[in-house]
Amino acid sequence: MNALNTSNPNNYQYTTQHFEIHILGGLKTNKLESLRVTLSLQKPDQHNVLRHSLDLYNDNQVEKFTRTIAERLEIGTSITRQTLQVLTKELENHRFLLLEKEQQAAAPYYKNLGALETKEAETFLKKKNLLEKTNELIGKSGVIGEHANRLLMYLIFTSRLTNNPLHCISLGSSGVGKTHLQSKVAELIPEEDKIEITVLSANAFYYFNRTELQHKLILIEDLDGAENVLYPLRELQSKKRITKTVVHKDVKGTTKTIHLTVEGPVSVAGCTTQESIYEDNSNRSFLLYIDESPEQDKRIMNYQRLISAGKLNEQEQLKAGELLRNVQRVLKPIKVINPFAEYLELPESVFKPRRTNSHYLQFIEAITFYCQRQRQKKYDENTGEEYIETTIEDIQAANELITEVLLRKSDTITGATRNHLECLKAYLKENKQTRFTNAEIRKSLRVKETTLRRYNKQLLEENYIRRIKKTKSKSYCFEVVDVDEYTNLRQQIDDALNACMSRLETVRGDSPPATSPPTRHRQNGEVKKQKVNEL
């Protein structure tokens with residue numbers, strides 16, 4: 001008696017000695033300045049029901065309703081008025097509880113690690129050959145094959161915690177597992193640190209809270225579904241903030257101009273089959289080409305059979321994934337200084353070297369950041385700022401992982417065309433041929449005519465193949481201009497990176513710059529690094 005029963009969210013019940021009251025439809029929490037409800041009243045054990053909608057905060061409506069109840073149900077106005085006042089207070093308190101629950105549900109989820117979980121994650125970060133063990137753990141979590149891409153992607157996702165995050169785009173033909181790879185590696189990132197997007201409206205990014213996207217991983221399932229937001233996405237990647245000016249009317253009806261600002265930095269990952277369409281975005285990202293080899297097909301199909309046969313250790317997968325997520329949670333923001341940066345050079349064959357060089361240095365810093373538990377913390381003598389330094393081993397690991405990325409960035413043709421050309425070379429070598437026809441290639445490599453025509457057009461324009469006219473039949477066939485051009489390009493990149501490593505070993509042997517913090521001085525009130533003499 002005299003208690004509000006809210007067990008049915010669409011039909012609250014409030015019973016007293018004189019009334020049986022139902023609040024139909026529950027309560028709305030969007031307007032706190034009013035308390036509009038639909039009431040159903042009757043005397044206990046009677047069938048004369050009075051239904052009415054009113055605002056319990058409107059005194060005139062309540063007073064009029066009180067007189068109506070007195071007339072219809074023959075109950076005194078003082079008893080009715082007191083009952084409605086108590087009911088109003090009960091509903092008011094319950095609405096505050098509903099609001100609190102809504103706020104808790106809307107608040108981002110953050111997992112608090114226990115002592116054992118924290119210790120396990122920190123112990124893992126201190127292990128030798130950390131990147132190798134991380135890659136093994138990624139494989140155990142359910143990512144099949146893609147040994148270089150999966151570790152590269154995991155480190156790129158980890159860079160979201162730094163001030164200069166990296167971005168990646170997964171490329172490949174339809175159905176090869178671009179989205180699957182991205183989603184499986186993204187499962188190793190804590191839920192509170194990522195935002196998954198399928199489709200976005202043109203203005204969606206501008207209406208996030210100012211700091212809601214800071215150090216978040218933004219996952220776009222298919223770039224084709226996010227064409228409307230590619231421009232603000234590029235601005236977030238480059239400038240680390242976006243601003244939009246809009247017209248807004250305040251509560252008094254006055255028109256004002258306001259600025260909507262959303263701050264980064266963010267790490268962005270997406271998938272597409274159309275490399276050339278998203279060139280502006282791909283220039284800001286690492287391009288990861290999915291392994292479409294027959295060997296990878298076999299690995300994936302064997303994995304699918306194990307799942308179907310119930311022979312997969314799912315508990316081991318869950319445990320590996322949880323450990324990697326906890327590893328991400330124990331990583332702390334810290335500044336990274338690369339004392340060897342001035343000695344690093346990219347191969348001359350790389351296109352857009354300015355932006356690629358920046359990505360290269362940021363990737364080295366991302367590896368150092370991930371290995372922070374194995375680096376000695378240092379402090380700037382002038383500012384007291386804490387930082388860690390890159391080691392030559394970090395640079396060596398980065399070179400091994402990034403070689404394929406640099407190779408693709410040095411290529412003059414798209415990834416799909418390159419894959420086709422390498423398959424074509426392998427076919428010609430296997431059959432000891434130098435020339436080929438379109439009909440032969442369509443049949444042997446199982447390529448559609450329209451696709452093959454598109455490949456040949458680009459290869460002819462870039463002088464990778466040439467057309468040859470047969471003397472007898474006067475028909476045309478094709479010939480590869482230089483069979484070894486891609487191997488030579490890879491060798492050039494390897495030689496350039498090895499030359500850099502040789503210089504670094506010389507630096508470390510003579511006067512290692514990593515043994516002491518850089519000397520600094522103040523100029524115009526700003527801390528400046530003192531220039532280091534070149535070799």
Side-chain angles (χ1 to χ4, degrees), residues 107-162 165-166 180-196 214-217 219 267 269 303 306-307 311-336 363-378 386-391 393-394 396-398 400-401:
Y109 168 77
Y110 291 98
K111 179 180 178 179
N112 294 319
L113 295 183
L116 290 177
E117 291 176 317
T118 302
K119 183 178 179 180
E120 184 183 17
E122 291 177 345
T123 302
F124 180 80
L125 285 173
K126 294 177 183 177
K127 289 184 177 181
K128 293 182 179 180
N129 302 321
L130 176 60
L131 295 183
E132 181 181 341
K133 293 185 182 301
T134 299
N135 205 354
E136 291 176 2
L137 210 56
I138 295 173
K140 289 181 180 179
S141 70
V143 182
I144 306 304
E146 300 287 357
H147 292 85
N149 280 343
R150 69 193 188 189
L151 181 57
L152 196 60
M153 187 178 288
Y154 183 77
L155 291 171
I156 290 171
F157 290 175
T158 302
S159 72
R160 78 192 184 282
L161 299 171
T162 68
L166 296 165
H180 177 74
L181 175 64
Q182 178 177 287
S183 61
K184 291 297 289 185
V185 178
E187 288 178 4
L188 310 177
I189 304 300
E191 288 294 328
E192 62 268 23
D193 286 354
K194 61 186 177 184
I195 297 174
E196 299 185 51
Q214 278 189 342
H215 301 292
K216 289 290 193 294
L217 171 62
L219 299 164
S267 178
Y303 177 75
L306 290 176
I307 294 176
K311 294 183 178 180
L312 199 68
N313 190 342
E314 296 183 0
Q315 194 62 35
E316 184 183 44
Q317 285 191 359
L318 295 174
K319 186 177 179 181
E322 187 63 25
L323 176 56
L324 287 173
R325 283 189 290 273
N326 292 340
V327 163
Q328 293 286 317
R329 291 185 175 105
V330 300
L331 290 173
K332 303 297 182 184
I334 190 170
K335 184 177 181 179
V336 175
F363 184 64
I364 294 172
E365 292 177 7
I367 291 179
T368 305
F369 176 82
Y370 184 64
C371 300
Q372 60 182 248
R373 297 303 172 102
Q374 302 182 16
R375 303 289 178 266
Q376 180 183 356
K377 292 181 180 179
K378 298 185 178 182
E386 185 180 62
Y387 67 94
I388 55 177
E389 289 186 343
T390 296
T391 65
E393 289 70 26
D394 294 339
Q396 180 64 44
E400 292 174 1
L401 285 171

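Nothing here was measured: the structure is a model prediction, and the numbers come from that model. No hydrogens, no waters, no symmetry mates; every other heavy atom, side chains included, goes into these values.
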If you apply the rule side-chain contact (heavy atoms from CB on, under 4.5 Å), what do you find for E146 with V185, and how did you get there? CA-CA 11 Å; E146 300 287 357; V185 178; over 6 Å; no
Can you check side-chain contact (heavy atoms from CB on, under 4.5 Å) on V143 and L181, steps first, answer last? CA-CA 7 Å; V143 182; L181 175 64; 3.7 Å; yes
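Enclosure of atom NZ in K140 is not indicated, since only 12 or fewer non-hydrogen atoms of other residues, nucleotides or ligands lie within 6.0 angstrom.
Residues that satisfy the side chain to side chain donor-acceptor pair (under 3.5 Å) test with Q317, not counting sequence neighbours, are Y303. Q374 pairs by the side chain to side chain donor-acceptor pair (under 3.5 Å) definition with nothing, not counting sequence neighbours. In this structure, the ring pair (Phe, Tyr, Trp, His ring centres under 6.0 Å) partners of F363, at least two apart in sequence or on a different chain, are F286. Every side chain to side chain donor-acceptor pair (under 3.5 Å) that K111 has, sequence neighbours left out, goes to E117, E322. With sequence neighbours excluded, the residues that form a side chain to side chain contact (heavy atoms under 4.5 Å, CB included) with K311 are L306, A309. Residues satisfying the side chain to side chain contact (heavy atoms under 4.5 Å, CB included) criterion with Q372, sequence neighbours excluded, are L331, K332, I334, F369, I388. Partners of E316 by salt bridge (charged side-chain N to carboxylate O under 4.0 Å, His left out), not counting sequence neighbours: none found. Listed by chain and residue number, K184 satisfy the side chain to side chain contact (heavy atoms under 4.5 Å, CB included) test with H180 (two or more places apart in sequence, or in another chain). Applying the side chain to side chain contact (heavy atoms under 4.5 Å, CB included) test to E136 and every residue at least two apart in sequence or in another chain returns E132. A search for side chain to side chain donor-acceptor pair (under 3.5 Å) contacts involving R329 returns E192, N326, not counting sequence neighbours. Every residue meeting the ring pair (Phe, Tyr, Trp, His ring centres under 6.0 Å) condition with Y370, not counting sequence neighbours, appears here in chain and number order: Y154.
Rounding to the nearest 0.5 Å places CD1 of I144 at 12.5 Å from CD1 of I138. Taking CD from Q396 and CG from L401, the interatomic distance works out to 10.5 Å, rounded to the nearest 0.5 Å. Expressed to the nearest 0.5 Å, how far NZ of K335 lies from CD of E386 amounts to 12.0 Å. Remark: E120 CD to L323 CG distance equals 5.0 Å, nearest 0.5 Å. The NZ atom of K128 sits 10.5 Å away from the NZ atom of K133 when rounded to the nearest 0.5 Å. Distance check, rounded to the nearest 0.5 Å: CD1 of I307 to CG of L312 gives 5.5 Å.
Pairs passing the ring pair (Phe, Tyr, Trp, His ring centres under 6.0 Å) check and including a residue from residues 122-145, sequence neighbours excluded, do not occur.
With hydrogens and angles disregarded, a donor-acceptor distance shorter than 3.5 Å links the side chain of R150 to the backbone of N135. Using modelled atom types, no side-chain atom of K216 and backbone atom of I195 make a donor-acceptor pair closer than 3.5 Å.
When all heavy atoms of I367 and A397 are compared, the pair lying nearest together is CD1-C, 4.1 Å. Nearest approach of R373 to V330, heavy atoms of both residues: NH2-O, 2.8 Å. Residue G321 comes nearest to L188 through the heavy atom pair CA-CD2, 3.7 Å, listed as atom of the first residue, atom of the second, then distance. Across all non-hydrogen atoms, the minimal contact from S267 to L166 is OG-O, 2.6 Å. Between E389 and R375, the shortest heavy-atom distance links the atoms O-CD, 3.6 Å. Closest of all the heavy-atom pairs between L151 and L131 is CD2-O, 3.8 Å.
Under 3.5 Å, the side chains of T390 and E365 contain no donor-acceptor pair of N or O atoms.
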